[in-house]
Amino acid sequence: MEKTKDFVDWQNLANKELKDKDLRKHYWETPEGIIVKPLYTEEDVKNLNHKIGLPGLPPFTRGPRATMYTNRPWTIRQYAGFSTAEESNKFYKEGLKNGVMGLSVAFDLATHRGYDSDHPRVLADVGNAGVAIDSIEDMNLLFEGIPLDQMSVSMTMNGAVIPVLASFIASGEEQGCSREKLTGTIQNDILKEFMVRNTFIFPPKPSMRIVADIIEFTSKQMPRFNSISISGYHMQEAGANQVQELAYTLADGKEYIKSALERGLNIDEFAPRLSFFWSIGMNFFMEIAKMRAARFMWSEIVKEFNPKNNKSLALRTHCQTSGVSLMEQDAYNNIVRTTIEAMAAVMGGTQSLHTNSFDEALALPTNFSARIARNTQLILSEETGICNVIDPLAGSYYLESLTSNIVEESKKLIKEIDEVGGMVKAIEMGIPKMRIEESSAKKQARVDSKEETIVGVNKYKPTEKQEINILSIDNDEVRKKQISRLKDLKQNRDNNLVKSYLEKIKNVASGAGNLLEVCIEASKNRCTVGEMTLAMESVFGRHNLSTKTISGVYGKAIKNDGKVDLIEKELDKFIKENGRRPRMLVVKMGQDGHDRGAKLIATAFSDLGFDVDIGPLFQTPEEAAVQAIENDVHVIGVSTLAAGHKTLVPLLINELKKNDAEYIKVICGGVIPPDDYPFLNDLGVAKVFGPGTNIQEAAIEIVKIL
Amino acid sequence: MKLKEYLKFNNISNKDFSEKIGISAVSLSRYISGDRLPEKSIINKIHHITDKLVSANDFYIEDGDSQILSKVQKTKVDDIHKKLVKGEKKSLAKAITLIESSLGFHQLESDYLLSKIKANNNTIRIGITGVPGVGKSTFIESFGMRLINLGLKVSVLAVDPSSKTTGGSILGDKTRMMRLSVNKNAFIRPSPSQGHLGGVAKKTSDSILCLEQAGFDIIFVETMGVGQAETSVYDMVDIFLVLLLPAGGDELQGIKKGIIEMADLIIVNKADGNLKKLANLTMQEYKNAQNLISNNRKDITPEVLTCSSIEEIGLEDVWSFIKKFVKRRKKNNLFYETRKNQKVNAIWSNLNTKMEDYLNNEKKLLKMWKMKI
């Protein structure tokens, strides 16, 4: 780089000001491996890997629309998971009165996995993390009094995407809104499910066929509906860094384009309806750069498929503030975190935004916390003046240089995926999953050894306990209600007709034809979500995940500040007394597929010297107890996120009792409201660990408990 | 060292010592005589106060020469054995834990347990090896379920490599054997190898005996095909299976030559979808090679087969071969002879392990000696 005299002067001056007299020691290597310097100048934007351009024009780096927020601000879209259709309906109507412009439906875990509420495997999952939808009847209740031709509806559904979308379309038509008038988005992003979220039902191949069926159907019959929301969100939640999130999501998008083209569709028929979904974390500038880099790269990727319509090249996105950045400790700090993240999303030019409520690390949001979250967006949009200028940070030496770096790094990852033959192949080989888990373990190690600060968690801890009111749901009640509704449905429908439709679904599944098309008719005739799924499952099979784990990453990344030695000492003592290492079974019961926590615990504890058994995903408490007994573990570590602890942990402890195996201790970790700690302790749970627990300290405590 | 010796060595009276740890002199003398076992917390205290010279083990062995179990221990093991015969899985799990334990008194208990177990020649012990990713677990899952449907009880012992730096390990086999792991006629037990190969050999073959006592007809012993573990597994099974990927020679497979030569049956796995052709090609290649090496086998020529664990094709042939193999070897007595030889080998390998342990303990003696000077 050419150095001006001024720059050299600055360098000398800066070195003088520094204690260690060396500016280079103040370079920051981000988790993505990008080196950030203390100062950027015009030299840094001379050779960029991206084009800046103008908003609304290719390559769309500055935004997909020409006017962006100067015409209309982003859509405030709050995702909400209430257990029943009636309650969700009430919440939607409340939100619409208070500035919310689009609906967002979160489904419960049973629905995600294609089980009706009366299925024995979903005892603890009905009404958890969202609304239970068993049939078109539930859909009708959900949208009662909400005109679907005027309201855009976003649905987070991937596994049971066919029966749920079908019920939605059918419900709209029963309401009098024809399908071409429906607006909104269906997530329909199955590739990332195989990568991180695990809410799949069928194996990869038939799953990709389903995606193509939906793209085909919507592109022809639902012109105002986004056929897919290609999501990086869950990758960052699972521990991916921003470059990984960007690269793998774009690679997913490329794969979807390919499979739609194979179906015989024209690129311009569907590409304008592809939308994206990012997570926005605390690395403020990195997130903004990521969103701009994404738009540039996507336009380049789509260009390879020769579209005629410029709209095909424009990346439109929804954003959500990061859930993993929410902490249980000192929870009010989360309001501040969410504000900063929301600001990054807006500076990055998002089309719609969900802001998390501060109590979401503890439980589902209350009315109070949901209101603050909503107001965060309203304040940004109406009090700050940010909306008056398009892409306000463009041209910043730092930001443009960072955007360029991200483009370069992500291209490397995409190239790696292309070289093995695309994302489906890469997923089968487990490449992205492995990379993400590695990055997640490293991040945990950085936090545990205080290289990364989290205020109130690993630094500046509060001395007083705060009381926070949280919402609790009684999912047993929800389940009973759903089951009785299902019973009614099954009594009042033409069961012969149902049978014939289920046969038709099987035929389409094993041959040609569009599954969404046939399922719309089936749901109008009161086939349930579970029945339609089962019909497809009889042809496709249900996918089982073989769990691969990494080891050594956490151990290598952790800085030894004496705790490692302490653990070793405790372990030595334990082995001397017991004749073997402490052995722990990490289980994930119920239908919640988020296994980041469980995987992280497994790899970290084994790196610290435990023998760790891993249970398969979607285990029942009975299966978990049997595995614990057969493997003769000392302790079962239950990882829980979706409020299943209230039902599943008592069942597990009961199973242990039934087998006279109370000598096996139970500990819990994950998103558990502190109010439930006493309940769990009374049951006999030896220890509960919340989000943000230091793993080394937890390890020491566990050895002591044993 | 024994507490008695320690007190004598250091000229400490029973009374002083009992006060130091806060128990009555009577209790102490009972502990010393071996009439009663101290609680864990008291063992801990003694351990620390004696500068770690007296540890848990020292209370269970009455004398260095005559290693006799206490009554309490005997009853405990008798109980385990009684339930083991009934096929109770919890006792089976406990028995294997005893076998795997590094504590001296656990070893005594497991030796006593094993002395009560009678050999059973109606079982089949199947060793399985192959490089990571070849699909061992998926194969055992599909094949095992098939055997269960034939009315057999199936068990799996899996040896996982322990991490070298800390010694911890991740044992994820059950996630790859979902159907088998929840079946009541199956038992899967992954074991950490603790970086101690000789020890694994002894422990695994003892565990096999427990599984047989608990009524399991088929015992799979699964191991990675990259280290030395398979040599010891070979030495504890009736038939040794090597799983291969549909691909070219040994080098490409990353498997050692010697391992192929040990195989009684080579299975080219993943013969599904568009890999079928390649699998057949690989099979042919190995068949040709096999003809060259197998001349020195007296009885039965090793076979090469293809199979698809996912599509469940070819499993029938594998089972027919295993049955044929065992039948032939029983007829020519080799089956029984091999088991007998293996037992002798196990004793030797056990002796080696014990020697090693002894020498490790020697460090303590050294320390004591230095202290005296």
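What you see below is based on every heavy atom in this structure, not just the backbone, and it leaves out hydrogens, waters and symmetry mates. Every value quoted in this text rests on a predicted model; they were computed, and no experiment measured them. Chain letters run A, B, ... following the sequence lines, proteins first, then strands; residues in each count from 1.
Using a 3.5 Å distance cut-off with no hydrogens or angles, the side chains of B/R189 and B/T97 do pair a donor with an acceptor. One side chain, B/E100 or B/S191, offers a donor N or O that lies under 3.5 Å from an acceptor on the other. Under the 3.5 Å distance criterion, with hydrogens and angles disregarded, a donor-acceptor pair is assigned to the side chains of A/D448 and A/Y554.
Relative ring orientation between A/F202 and A/F540 is described as perpendicular, the plane-to-plane angle rising above 60° on a 0-90° scale split at 30° and 60°.
Heavy-atom pairs under 4.5 Å with chain B were tallied for A/R583, A/E623, A/K573, A/E622; the largest tally goes to A/R583. Put simply, of A/I567, A/V564, A/V612, the one with the most heavy-atom pairs under 4.5 Å next to chain B is A/V612. Counting heavy-atom pairs closer than 4.5 Å to chain B, the top-ranked of the candidates A/D613, A/I629, A/D660 is A/D613. In terms of heavy-atom pairs under 4.5 angstrom with chain A, the leader among B/K94, B/H47, B/K40, B/M177 is B/K94.
Stacking of A/R542 on the aromatic ring of A/Y115 is recorded, both the 6.0 Å distance cut-off and the 45° axial limit being met.
Heavy atoms of A/F618 lying under 4.5 Å from chain B are absent altogether. Heavy atoms closer than 4.5 Å to chain B are found in the backbone of A/N659, but not in its side chain. If you measure heavy-atom distances from B/A95 to chain A, you find no contacts under 4.5 Å at all.
Closest heavy-atom contact between A/M423 and A/P432: CE-CG, 4.1 Å.
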